[in-house]
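Any value given below was found using the heavy atoms of this structure, including those in side chains, with hydrogens, waters and symmetry copies removed. Everything numeric here is computed off the predicted structure, so don't read it as measured data. Quick note on labels: first sequence line is chain A, next is B, and so on, each numbered from 1.
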2 protein chains.
Amino acid sequence: MTTARRSDTTRAAILEAARERFAADGYERATIRAIARDAGIDPSMVMRYYGNKEGLFAAASEIDLALPTLGALPSKHIGAVLVNHFLDRWERDDVLTGLLRVGVTNEAGAARMQAIFGAQLGPVTLGVCPRPEEAPARAALVASQILGMALARYVLRLPPAVEMSRDEVVAWLAPTVQRYLTAETP
Amino acid sequence: MTTARRSDTTRAAILEAARERFAADGYERATIRAIARDAGIDPSMVMRYYGNKEGLFAAASEIDLALPTLGALPSKHIGAVLVNHFLDRWERDDVLTGLLRVGVTNEAGAARMQAIFGAQLGPVTLGVCPRPEEAPARAALVASQILGMALARYVLRLPPAVEMSRDEVVAWLAPTVQRYLTAETP
DNA sequence: CCGATCGGTCAACGCTTGTTGGCCTACGCT
DNA sequence: AGCGTAGGCCAACAAGCGTTGACCGATCGG
């Protein structure tokens, strides 16, 4: 184990400020200077600890979706469980919002999004869908609906999407996700 | 009617270059200089004709979704018709891609997206959904699925979403959209 | 045929950005 | 106590940005 460095609190402050700025502004408008100001330190410290802006984003966008293993629970409910889990994840912190905002205009951000959803959502679908070779496509369909709702609700803030209650969102999306995962191919 | 000006071809060249750049790079990285270079003219012309960068984006992102009136056709098929129409719209030019890329990081872009989907998709749903007061929410649900697929397929380019054939996309999404529009509230 | 207007270029402005290197301070080990 | 090193600040850099205003040639109506 690596011993705790004296600078760990500063590193953490930078990371927290970076996540907020990336989530609020996207890649280009989240300037290193603004992030440093939020963290209460000099911009050059960001460079020292994370190399450059790309490195900072890479560190700030690390995330574990912590998806539940769906195999264990009644297969009728996996849609609702998954939608609920993603809404939780989206509202707990702003890493996912940042990832989405950056992924849309930045090549590296898009690659990271691909990697995260491929590596974390892929295996989960593999466990519950009828034919294993369809798992990637089904995962992409689920991702499209989840990301689409996140886009409308948390990023574009389309008024009707914002005003829907969480239960309404779950009630509408759960059957969709359920079908994408378990239905026979149409 | 306004008579044709001599500079119309230049104006059109600027607009075309702007649409491509906004679609490819988003708002910040689509620089006026790059757009002018693409259009083969001086950056100051862009300012002369469109005032400033915001004005250029406003002009470049004007779009008529040309949604079909769904009332006239068998209500079983409106999901498929709508999904097909949006895929067409998305692939014909890159205005929608630009709108999405800009809307995610730019306040004015988000507002424009809200306006377009509210004003153009809203009325269409009003015509086909059971209870009129639910129309905005249903429109937002449809938008979330359509935008989510566009995001995955045309912007983030998640490999499985790109590799799906157009018919597969329609086959999977049409029932979802159909349900969002016409099903009883769950 | 001449002058006004239009389409266009050029050079510069003020500002912000990511990034660098030098310098100072204060902690922690021996 | 003393020294090395880690943590931090400051000032500056080159480049790129949106935007401006002066200038020039062609076009065209009277």
Side-chain angles (χ1 to χ4, degrees), chain A residues 1-61 98 101-102 105-109 112, chain B residues 1-61 98 101-102 105-109 112:
Chain A
M1 142 191 183
T2 13
T3 53
R5 274 164 305 194
R6 217 180 344 143
S7 61
D8 280 349
T9 74
T10 299
R11 297 177 115 94
I14 294 174
L15 232 48
E16 191 192 330
R19 282 195 257 259
E20 282 174 19
R21 284 284 178 178
F22 282 131
D25 298 336
Y27 192 78
E28 334 283 332
R29 288 183 33 225
T31 69
I32 288 191
R33 288 167 142 96
I35 292 168
R37 198 175 327 123
D38 289 359
I41 46 97
D42 191 87
S44 62
M45 299 302 296
V46 178
M47 308 302 293
R48 207 202 294 276
Y49 292 145
Y50 297 100
N52 55 23
K53 195 177 178 179
E54 264 194 64
L56 174 62
F57 172 72
S61 64
R101 275 225 163 84
V102 173
T105 40
N106 184 276
E107 201 53 51
R112 189 154 198 101
Chain B
M1 144 198 179
T2 14
T3 54
R5 274 164 305 194
R6 219 184 338 146
S7 61
D8 279 350
T9 73
T10 299
R11 296 177 117 93
I14 293 175
L15 232 47
E16 190 192 331
R19 283 195 256 259
E20 283 174 18
R21 285 285 177 175
F22 282 131
D25 297 336
Y27 192 77
E28 334 284 332
R29 287 183 32 224
T31 70
I32 289 191
R33 289 166 141 97
I35 291 168
R37 200 177 323 126
D38 288 359
I41 45 96
D42 191 88
S44 62
M45 299 302 295
V46 178
M47 308 303 293
R48 207 203 295 275
Y49 292 146
Y50 297 99
N52 54 25
K53 194 176 179 180
E54 264 192 64
L56 174 62
F57 173 71
S61 63
R101 275 225 163 85
V102 173
T105 40
N106 185 275
E107 203 52 51
R112 191 158 198 98

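With sequence neighbours left out, B:Ala24 forms a side chain to side chain contact (heavy atoms under 4.5 Å, CB included) with no residue at all. With sequence neighbours excluded, no residue satisfies side-chain hydrogen bond (donor to acceptor under 3.5 Å, both in side chains) with A:Thr10. Residues that satisfy the side-chain hydrogen bond (donor to acceptor under 3.5 Å, both in side chains) test with B:Thr31, not counting sequence neighbours, are absent from this structure. Partners of B:Ala58 according to the side chain to side chain contact (heavy atoms under 4.5 Å, CB included) rule, which considers only residues two or more places apart in sequence or in another chain, are B:Arg112. In this structure, the side chain to side chain contact (heavy atoms under 4.5 Å, CB included) partners of B:Arg29, at least two apart in sequence or on a different chain, are A:Glu28, B:Asp25.
Between B:Tyr49 and B:Ser7, some side-chain heavy-atom pair lies under the 4.5 Å cut-off.
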Can you give me every donor-acceptor pair (side chain of residues 32-42 of chain A, partner residue at least two apart or in another chain, under 3.5 Å) with its distance?
from: A:Asp38; atom 1: OD1; to: A:Arg21; atom 2: NH2; distance (Å): 3.3
from: A:Asp38; atom 1: OD2; to: A:Arg21; atom 2: NE; distance (Å): 2.8
from: A:Asp38; atom 1: OD2; to: A:Arg21; atom 2: NH2; distance (Å): 3.4
from: A:Asp42; atom 1: OD2; to: A:Ser44; atom 2: N; distance (Å): 2.9
from: A:Asp42; atom 1: OD2; to: A:Ser44; atom 2: OG; distance (Å): 2.7

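Panel note: side chain A:Arg101, backbone B:Thr105; no donor-acceptor pair is recorded below 3.5 Å.
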Polar-atom pairs under 3.5 Å, protein N or O versus N or O of nucleotides 2-7 of chain C: list them with distances, or write none.
from: C:dG7; atom 1: OP1; to: B:Ser7; atom 2: N; distance (Å): 3.1
from: C:dG7; atom 1: OP1; to: B:Ser7; atom 2: OG; distance (Å): 3.1

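Residues from residues 50-61 of chain A that place a heavy atom under 4.0 Å from any atom of DNA chain C, listed by number: A:Asn52, A:Lys53. Only A:Arg33, A:Ile41, A:Asp42, listed by number, bring a heavy atom of residues 15-43 of chain A to less than 4.0 angstrom from any atom of DNA chain D.
Annotation: the span from A:Tyr50 atom OH to A:Met45 atom CE amounts to 10.5 Å, rounded to 0.5 Å.
Listed by first then second residue, pairs satisfying salt bridge (charged side-chain N to carboxylate O under 4.0 Å, His left out) with a partner in residues 43-57 of chain A number zero, not counting sequence neighbours.
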